[in-house]
Undergrad: 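Below is the structure I would like to discuss, written out as C-alpha cells.
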Number of protein chains: 4
Amino acid sequence: MTEQARRKQIVDAAVAVIAAEGYAKASFGRIAKQAGLSSTGLISYHFANKRELMDEVVRTVLADFTEFVLARTDDVAGPAAQLRAFIAANVEFASERRTHLVAMLEVARAEPGDGPDPVLEADLRGLADLLRAGQRLGEFRDFDADVMAMAIRSARDGLLLKLRTEPDLDLDVYTGELVTLFDLATRRTP
Amino acid sequence: MTEQARRKQIVDAAVAVIAAEGYAKASFGRIAKQAGLSSTGLISYHFANKRELMDEVVRTVLADFTEFVLARTDDVAGPAAQLRAFIAANVEFASERRTHLVAMLEVARAEPGDGPDPVLEADLRGLADLLRAGQRLGEFRDFDADVMAMAIRSARDGLLLKLRTEPDLDLDVYTGELVTLFDLATRRTP
Amino acid sequence: MTEQARRKQIVDAAVAVIAAEGYAKASFGRIAKQAGLSSTGLISYHFANKRELMDEVVRTVLADFTEFVLARTDDVAGPAAQLRAFIAANVEFASERRTHLVAMLEVARAEPGDGPDPVLEADLRGLADLLRAGQRLGEFRDFDADVMAMAIRSARDGLLLKLRTEPDLDLDVYTGELVTLFDLATRRTP
Amino acid sequence: MTEQARRKQIVDAAVAVIAAEGYAKASFGRIAKQAGLSSTGLISYHFANKRELMDEVVRTVLADFTEFVLARTDDVAGPAAQLRAFIAANVEFASERRTHLVAMLEVARAEPGDGPDPVLEADLRGLADLLRAGQRLGEFRDFDADVMAMAIRSARDGLLLKLRTEPDLDLDVYTGELVTLFDLATRRTP
DNA sequence: CATGAATGAGATTTCATTCAT
DNA sequence: GATGAATGAAATCTCATTCAT
C-alpha cells in the first residue's frame, strides 16, 4: 500500500471517529480499529505524532471545504446573490460532508494553535470581504461586517448541531430559511 | 465544611479549569489543584464519578443562566421587545459569566447524553415559543421558528468564540448589531 | 506506608536493577518488579518522572559516599597519610557498596546534565585540593594535580570493573597496591 | 555497493552515533539516518540482529586499536621505554580516534557478554605481560602486575572522560604526566 | 541488494477510582 | 469528612525485526 493511500485511510478513520465520538475519545487505538489496522504503531509510522495527524485532518478538510465553497460562489454576480450562494454552499457541505466538517471544527477547538485559528479565518475572511463589498456597492445596509460574518458562520454550525439529532432534516427548507434570514438582515431597506 | 459548600467549591473549580484549558484537560488532578484540595479522593468522595461532577456543572450553570435570562425577559411586553431583551440578556451573560457558559457548553458537547441535549433544549425551547407567539400576534413574519431560534442561539456562541481572542470587545455595539440583525430578520415587512 | 519509606524502597530497587543490568535496561517495569510493586504507576506516583527518580539515586548515593569518605579522611594528618586514607576509603566503599557506586556512575554517564557532572566533581574536587595542599607543603612533587586526581579516581573505577568478574578479590592487597602506586607517584623524590 | 563496504558504512555510522549520543540512544533509526540510509531494514539485512552489529563495532575498533598500539610499541627496546610508548600510544589513540574508542567501550559496557570482556582483555593482557617482563628483568619493582595494568588502562579512560568536556586539552602535557606517574610507580627504587 | 511498509512488544506517563486510616 | 497512597487501565511513542516487492 502506498504511503499516500495509507495516510488518507488513517485521516479518514480519524475523521469518522472524531465526528462520532468527539476529539477527546479519538485515541490512536480507536482510530486504528476504525481503519482496520493491526496496531497503533502503524499510525505512528505514518505520522510523527498525534498533532501531525490532527493537523492533516484539518488541512485536508479545509482544502476540500474551501474548494467546495469557492466553486459555488466564484461565478456568481452581485453581493446579494453571492451571499445566497455562500449560505447554500455551506449548508450543502455541512450535510454532504457532515463528518468532515464536524471533525475539522472539533480539532480546531481542541487544539488551538498559537496564532489565529486558521479554520475560523477561512470561514470568516472571505465572507466579511464579501459583505463589505456589498456595502460599498450600496446593496447592503451599514452593519458591522465582522459581526454579521460570525452570525452567518455560527448559523451554519447550528445546522451541524441539528443534523446530529435530526439527520433527515429538509435541507432545502433550511437553506431557504437562512437565505431569507440573512437577506433581510443585510439588504438596504428602502 | 458542609457537604453543599464543598460540592460548590469543586464545581466552581471544575468550571474554571474547563473554561481555561478545555474539557479534555480537566482531570481530577487539575480540578483539585484549582480548588486547593489536597487529594483527588475528595472529589470522588463527593461525586460518584466524573460524569456526576460534570452533570452538576451543567445543572448549576444552566439554572443560573435560565434564571438570569428569565429575569431580564419576564416583564417585557411584546414579542419584538422580548426578543431584543433575550438577545441582550444572552450577550450580557456571555460576557459576565463567560467561564460558566463556556464550561457548560464544553461539557454538553463532550459528554452528550442519550436523549436530547438539555442545554440545547433550554436555549431553544423558550426562544422558539417566543418567536411563534410573535408570529401568531402578527408582529413577526412567517419564518421557521426552530431555524430562527437556532440562528439566534448560534450567534451568541459566535460571540463566545470572539471573546476568547478579543476580551475587550465592545459589548454594547455587539448587542446592538445582533438586535438589529434579528429585528430585521423577524419583523413583518410592511 | 510512608512517602519517605516508599521512595527509599523504589530508589533501592532502582540501584539494584541498574547495577545488575545497566541503566539501559532499568525500566520502570523492572524496577517495580524488583521492588515487588504491583504497578509502574506507583513509581510515577512518587516521582514526577524518570529523571527525578534517577536524580534521587545519584543524590542519595553521592551523599552517602561523600559522608563515608569524609569520615575516613577528616581526622588524618598530613597529605600523604590523607591520600592513603582517601584511597583506602574509596576501595572500601567500592567493595562494601558496590551496587550503589556502580548505579551512581551509570546514571551519571547515561544522563549527563547541562553543567559539569556533579559526581565527577565530587570525586575530583576534594582530591585535587588535597594534592595541591601536599605540593604547597613540599610533601608532594610537582605534578599536574588534575591529571593525578583523575588517575586516582579512574583506578578506583578499575577496581569496580574487576569486582564484577572477581567478587572475591583480596581488597587489602588491592588497597596496598594502589596506596603504594600513588605514594611513589606523588612523593617528592629525595 | 559491495557487502563489505556497506557493512563498514553502517559500522562507522554506529560508532558516530554511539559516541555522540550514547549506546542507549543508538537505535537503528538514528544509525540509518547518520549513514544516510533510506531504511533501517538495510541494517537488518546486513546484520542478523543488533547484537551482531554491536559485536562488529567492537571487533572493528579493537582490531584497529590493537594494531595502532602494537605499531608504536613493537620496535621499542626495554620495558620502561615500552611502557612509555604504550601510554603514549593510548593517549594518541584516545585523542585521534576518540569516537571509536568511546563507542567500543560503551558497547562493551552496555552489552557484557557471558565470558570475559574481550575489550578489557585486549587492554590488559599485553600490558600486564609487559609489566611482568620488566619485573623479571629487574627494571620494575615488585608490584601486582594486574592491578598496575588496570590502573594504567583506567587512567587512559579518565583522559577520555576529560576530553568530553575539554576537547582542547594539551595532550603532550597529559602524556608526559602519565608517563612520569607510571614511571615512578613502576621503577625499581634505588 | 535495497526499500519501506508493517508488526507487536515495551517504554513512560496520566488518570479515575478505591480504600485504609 | 478528609487524606493520600495504591491500583490498573489506557494513552502516545519508539523500536528491532520481518517481509513483499
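Hydrogens, waters and symmetry mates are skipped; everything else that's a heavy atom, side chains included, is used.
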Undergrad: Find the distance B:F47:CZ to F:dG1:P and express it as a whole number of Å.
TA: 13 Å
Undergrad: Between C:G29 and B:A48, who's closer to the 5' end of DNA chain E by nearest nucleotide?
TA: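 The 5'-side residue here is C:G29.
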Undergrad: Where along residues 10-23 of chain A does a heavy atom come under 4.0 Å from DNA chain E, residue by residue in number order?
TA: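 Under 4.0 Å from DNA chain E: no residue of residues 10-23 of chain A.
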Undergrad: Does atom CD of B:Q4 have more than 12 heavy-atom neighbours, drawn from other residues, nucleotides or ligands, at distances under 6.0 Å?
TA: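 It does not: B:Q4 CD has 12 such atoms or fewer within range.
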Undergrad: The criterion is side-chain contact (heavy atoms from CB on, under 4.5 Å); which residues satisfy it with B:K25, sequence neighbours excluded?
TA: B:E21, B:R30
Undergrad: With sequence neighbours left out, what residues match C:F65 under ring pair (Phe, Tyr, Trp, His ring centres under 6.0 Å)?
TA: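 C:F65 satisfies ring pair (Phe, Tyr, Trp, His ring centres under 6.0 Å) with C:F93 only.
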Undergrad: According to salt bridge (Lys or Arg N to Asp or Glu O under 4.0 Å), does anything in residues 58-67 of chain C pair up with another residue at least two apart or in another chain? List the pairs.
TA: C:E56-C:R59, C:D64-C:R97
Undergrad: Checking D:S39 now: which residues fulfil side-chain contact (heavy atoms from CB on, under 4.5 Å) with it, not counting sequence neighbours?
TA: none
Undergrad: Let me know the distance between CD of B:Q4 and P of F:dG1, rounded to the nearest Å.
TA: 11 Å
Undergrad: Once you round it to whole Å, what is the distance between P of F:dT17 and CZ of D:R51?
TA: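 In whole Å, F:dT17 P and D:R51 CZ are 11 Å from each other.
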Undergrad: Run the side-chain donor-acceptor check on residues 103-116 of chain D: report pairs under 3.5 Å with partners two or more places apart or on a different chain.
TA:
| residue | atom | partner | partner atom | Å |
| --- | --- | --- | --- | --- |
| D:E106 | OE1 | D:Y23 | N | 2.9 |
| D:E106 | OE2 | D:R109 | NH1 | 3.2 |
| D:E111 | OE2 | D:Y23 | OH | 2.4 |

Undergrad: Do you know the tightest heavy-atom contact between C:V61 and C:H100?
TA: CG1-O, 3.5 Å
Undergrad: Using a cut-off of 4.0 Å on non-hydrogen atoms, how would the nucleic acid contact of B:S44 be classed: base, sugar-phosphate, or nothing?
TA: base
Undergrad: Would you kindly give the CD-to-C1' distance between B:Q9 and F:dG1, to the nearest whole Å?
TA: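 Whole-Å distance recorded here is 13 Å.
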Undergrad: Check every strand shown and say whether B:F28 touches a base, only sugar-phosphate, or nothing at a heavy-atom separation below 4.0 Å.
TA: base
Undergrad: Suppose we screen for ring pair (Phe, Tyr, Trp, His ring centres under 6.0 Å). Which residues come up paired with D:F47, at least two apart in sequence or across chains?
TA: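 Per chain and number, D:F47 pairs via ring pair (Phe, Tyr, Trp, His ring centres under 6.0 Å) with no residue.
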Undergrad: Can you tell me how far P of F:dG4 sits from CZ of C:R7, to the nearest Å?
TA: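 Rounded to the whole Å, the gap is 15 Å.
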Undergrad: Take B:L53 and B:I31 through the side-chain contact (heavy atoms from CB on, under 4.5 Å) test and state the conclusion after the steps.
TA: CA-CA 11 Å; B:L53 167 57; B:I31 294 169; 4.1 Å; yes
Undergrad: To the side chain of A:S27, which of F:dT17, F:dT12, E:dT12 is closest?
TA: F:dT12
Undergrad: E:dC15 C1' sits how many Å from B:I31 CD1, rounded?
TA: 12 Å
Undergrad: Can you give each donor-acceptor pair under 3.5 Å made by side-chain atoms of residues 9-20 of chain B, sequence neighbours left out, with the distance rounded to 0.1 Å?
TA:
| residue | atom | partner | partner atom | Å |
| --- | --- | --- | --- | --- |
| B:Q9 | OE1 | B:R6 | NH1 | 2.7 |
| B:Q9 | NE2 | B:A35 | O | 3.1 |
| B:D12 | OD2 | B:K8 | NZ | 2.7 |

Undergrad: Send over the distance from B:I43 CD1 to F:dT3 P, rounded to a whole Å.
TA: 12 Å
Undergrad: Whole angstroms only, please: what is the CG-C1' distance between D:N49 and F:dC15?
TA: 14 Å
Undergrad: Go through the structure and list residues passing side chain to side chain donor-acceptor pair (under 3.5 Å) with A:E121, not counting sequence neighbours.
TA: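 By the side chain to side chain donor-acceptor pair (under 3.5 Å) rule, A:E121 matches A:R125.
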Undergrad: Treat primed atoms plus P, OP1 and OP2 as sugar-phosphate and everything else as base, then score nucleotides 2-8 of chain E 5' to 3': B for base contact with protein heavy atoms under 4.0 Å, S for sugar-phosphate contact only, - for none.
TA: SBBBSBB
Undergrad: Using Watson-Crick and G-U wobble pairs with both distances under 3.5 Å, what is the 5'-to-3' dot-bracket string of DNA chain F, with [ ] for crossing pairs and | for pairs outside the strand?
TA: .||||||||||||||||||||
Undergrad: Partners of B:S44 by side-chain contact (heavy atoms from CB on, under 4.5 Å), sequence neighbours excluded?
TA: B:F28
Undergrad: Name the residue closer to the 5' end of DNA chain F, choosing between A:K25 and D:R30 according to the nucleotide with the nearest heavy atom.
TA: A:K25
